[in-house]
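Throughout, protein chains are lettered first and strands after them, A, B, ... in sequence-line order, and every chain is numbered starting at 1. Predicted model, so just to flag it, every value in this text is computed and none were measured.
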Amino acid sequence: MVKRLSLDNISKFYALVAAEYTVYSPSQKGGLVSLEPKKYFDRYSLFKFQTIMPPKKVLLENVYDLESNPKEQKLAFFGIHLCDVKAIATMDRIFAKDPFYRAKRDDSLIVATGCQPTESCFCHVFGANKHQGFDLFIQEEHDGMFTVFAKSAKGVELLQKSKGKILMSASYQPIGQNQNEIDLSELTDAVENRRLFEQHWQGIANNCFGCGACTAVCPLCFCFDTIDRTDPEGGNCHRSRTDDACFFANFSKISNHDFRPENVDRLYNWYHHKFVRGPKENGDFLCVGCGRCITACPANLNIIRILSAIDNVFDRATN
Amino acid sequence: MLNPYRTIPVTILDKKTLFEGEVWLKLDYRLDFKPGQFIEISLPGFGESPVAPCSDPIDNKFVEIVVRDVGSLTRAINSLAVGDKIHLRGPYGNGWPLKKLLHHDLIILAGGTGIIPLRPLLFNIINNPKKYGKIYLLLGAKDPQSHIFRDNFAVWKKKFFHFKTIVDQAPNNYLGLKGVITDLLKPLKLNPKKTVALMCGPEVMCPFCVESLEQKSIPSDRIFISLERRMKCGLGLCQHCNCGKYLVCQDGPIFDWETIKDELRR
Ligand code: SF4
Ligand code: SF4
Ligand code: FES
């Protein structure tokens, strides 16, 4: 189902969604735009630029008591972009057996929208610019009206309730893209071949602070730690799940041995997980090219340049 | 949906100090597990830690574990008494490749506490002598006290074709052998056509054993190793346990050498 809505009706449509769901939508907060629970539509709800944090921040929120029964929730993501939608589809496969993820995700609604590329994104490289994976898609037209596409049963049900003219046909505008390119054809082989690139990895690691900022903002970084916490009152103890980062020292340390003692080992492992292990385990790279890790990195490390350089060296070495 | 993080409280039925810092516990729990698999044990407030059950998998009325005093959790567990409860969940991982071992001679190499995940297999072998060929069991340890399960030595000596132990250091009056485990391995005559090797111990020990096995023409896809990593969740999610492109909690902890050798240094 496709409908044409005015801005006023989009705002009412938002209210319709909010009547049924807890809606997370881009919101202005302290000068930044982040995904926040918000009851009413405002001018940030269809923000064209990226939110600081991806939806995983909500879906993989820290769990207070891992041994409790997760509460099923009805969450909606309103105004997220296609790269984040694709990342959710990959997360769905990884966390299929995790009851806390499922409790948030199973009844959730995705209302995606178009975006404007920044200088650091490269979603087209991973096909993360395709119109798929959402329940609804809101497209702003040149005349200030909005085309709303409903792609799932719950999307159609909601859209039926909204005011607006039904369209017999409509087409998606292609998502804008920039010049950033990475050749994926040999990427997995190149990353897998650590020894060939030891100098390259070492050079990057020398500049990396190991702060883990890139992992915090990445929609496809999901490693976690568990920590036992005691309630200040009552003395009850809970096993909690918290974010972790594979960049942190001790991430893979056991009592008598550290399997990744150097920063270069940990940095390499991040790339290896995303571009070697990801395709092997999940059938897809653990990157959608959102560019958040580039924006977040205090050392100005740039995944596009890092991967392109490897590709180039690999080409020279193998041809 | 089942919550895979939920643990089960189980009562400690018996407890014995094997030697300083290593405690054997018998737990009142029926655990259906395969030799070589692991479980997560925990105490509220002290977190979780992976350990391999060391008991006979057939006698599954009880499960036995050995807890090494290495962190705050294991220290807390070691201070518990019979009748107290600890928590567990599992089992996880693949276990030793039992089908591939059938009707083969087995050379089993364990360094220190590496004997723990092998002991359930030894029970299996003793219970099913017709299923296996000759059994060579070699145990290495730091010093004579570090040989845990010394109570079992007499049985192993009787039941297995070849059983030898060796220690790194020992007092002058020690009657056993001094040296490293490869000293026991080198002189053995093995039939490369029908031998499978199984090992568990400090990771530094393994390449030396492999070298020596390969000199005996045992192919690397018939050498199996049990890996120790930081298995935090056991469910393939937390990412703490990977070894190169494998998740040790899912694809392991047992790997054949051919598969894992290039991943160990990644
Ligand atoms: S690795 Fe960087 S560009 Fe790729 S999805 Fe993660 S944050 Fe975005
Ligand atoms: S954000 Fe940059 S400096 Fe921090 S861990 Fe990631 S790559 Fe290293
Ligand atoms: S132990 Fe968590 S992924 Fe293997």
Quick check: does any side chain N or O of [X] sit under 3.5 Å from a backbone N or O of [Y], one acting as donor and the other as acceptor?
X        : Y        : value
B:Arg230 : A:Asn250 : yes
A:Lys280 : B:Lys245 : yes
B:Arg6   : A:Glu67  : yes

Taking the side chain as everything from C-beta on, heavy atoms only, tell me whether [X] gets closer than 4.5 Å to [Y].
X        : Y        : answer
B:Lys232 : A:Phe224 : no
A:Phe100 : B:Asn3   : yes
B:Leu2   : A:Lys97  : no
A:Phe222 : B:Leu237 : no
A:Arg260 : B:Asn242 : yes

Can you tell which part of B:Thr7 gets under 4.5 Å to a heavy atom of chain A, answering side chain, backbone, both or neither? both

If I measure from the heavy atoms of chain A, does B:Cys233 come under 4.5 Å with its side chain, its backbone, both, or neither? side chain

Below 4.5 Å, heavy-atom pairs only: which of B:Pro202, B:Ser49, B:Ser42, B:Gly71 has the largest tally toward chain A? B:Ser42

Nearest heavy-atom neighbours spanning [X] and [Y]:
X        : Y        : result
A:Ile254 : B:Arg229 : CG2-C, 3.6 Å
A:Pro99  : B:Met1   : CA-SD, 3.6 Å
A:Asp228 : B:Phe46  : OD2-N, 3.2 Å
B:Leu247 : A:Glu281 : CG-OE2, 3.6 Å

Close approach to chain A in residues 252-261 of chain B, criterion heavy atom under 4.5 Å: none

